[in-house]
Amino acid sequence: MPSITSPSITSPSDCQTVITTFDTTPGTCQDLLDALQNAYTAFISKQAGFIGAGLHVNDAQTRIAIYSQWRRREDFQAMLRSDEMRDHHRRFNALCRSFEPVMYDVASVYG
């Protein structure tokens with residue numbers, strides 16, 4: 001089986017999918033997006049097991065969703081527990097009402 005090198009939605013999946021949603025406001029959306037892009041560029045994308053991610057913003061600039069993939073759930077959990085990620089989370093928390101990363105299994109794929 002070929003190794004996964006970029007985000008790809010397949011079922012069954014050989015990787016851990018994480019979808020993180022942020023509840024924000026139009027006034028802080030761009031600041032939060034900048035903070036997220038900085039975190040992915042400088043830290044998250046360099047962590048063991050990281051495959052790829054996509055950042056999505058709704059038209060009203062009140063929600064940001066991130067779809068990310070990791071080789072193993074333990075890789076994602078180790079990144080979350082790092083001191084650097086805790087610092088990033090404090091910045092994110094200051095720029096939004098709430099955020100929640102949730103691990104998912106791909107149930108089906110269409111298209």
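In what follows, every heavy atom counts, from backbone to side chain, and hydrogens, waters and symmetry copies are set aside. For this chain, numbers begin at 1 and follow the sequence in order.
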* Just do the side-chain contact (heavy atoms from CB on, under 4.5 Å) check on T62 and C29 with the steps written out, would you? => CA-CA 7 Å; T62 57; C29 183; over 6 Å; no
Over all heavy atoms of both residues, which pair between [X] and [Y] is shortest? Give the atoms and the distance, please.
X    : Y    : value
A107 : S11  : O-OG, 3.3 Å
S13  : V106 : CB-CG2, 4.2 Å
Q16  : R73  : OE1-CB, 3.3 Å
S68  : A53  : CB-CB, 3.8 Å

Following the transitive rule for hydrophobic clusters with a side-chain heavy-atom cut-off under 4.5 Å over Ile, Leu, Val, Met, Phe, Trp and Tyr, establish whether [X] and [Y] coincide in one cluster.
X   : Y    : result
L33 : V18  : yes
F76 : V102 : no
I19 : F50  : no

* To do: Check the pair R71 / C15 against side-chain contact (heavy atoms from CB on, under 4.5 Å), numbers first and verdict last.
  => CA-CA 5 Å; R71 294 209 188 284; C15 64; 5.8 Å; no
What is the distance from atom [atom1] of [X] to atom [atom2] of [Y], rounded to the nearest 0.5 Å?
X    : Y   : atom1 : atom2 : result
C96  : R63 : SG    : CZ    : 9.5 Å
M79  : M85 : CE    : CE    : 5.0 Å
Y110 : I9  : OH    : CD1   : 13.0 Å
T21  : H56 : OG1   : NE2   : 12.0 Å
L80  : Q47 : CG    : CD    : 10.5 Å
W70  : I44 : CH2   : CD1   : 6.5 Å

* Only pairs at least two apart or in different chains count here, so list each side-chain hydrogen bond (donor to acceptor under 3.5 Å, both in side chains) that has a residue in residues 91-101. => D23-R97, H88-R91
* Asked: Could you go step by step and tell me if L95 and T24 meet the side-chain contact (heavy atoms from CB on, under 4.5 Å) rule?
  -> CA-CA 7 Å; L95 295 168; T24 189; 5.6 Å; no
* Side-chain donor/acceptor of K46 to backbone N/O of Y40, under 3.5 Å -> no
* All side chain to side chain donor-acceptor pair (under 3.5 Å) counterparts of R90, not counting sequence neighbours -> D87
* **Residues which pass side chain to side chain donor-acceptor pair (under 3.5 Å) with D34, listed by chain and number, not counting sequence neighbours** => Q30
* Asked: side-chain contact (heavy atoms from CB on, under 4.5 Å) between M103 and Q77: does it pass, once the steps are laid out?
  -> CA-CA 10 Å; M103 290 186 253; Q77 291 169 327; 3.5 Å; yes
* Asked: With under 30° as parallel and over 60° as perpendicular, where do the rings of F99 and F22 fit, or are they tilted in between?
  -> parallel
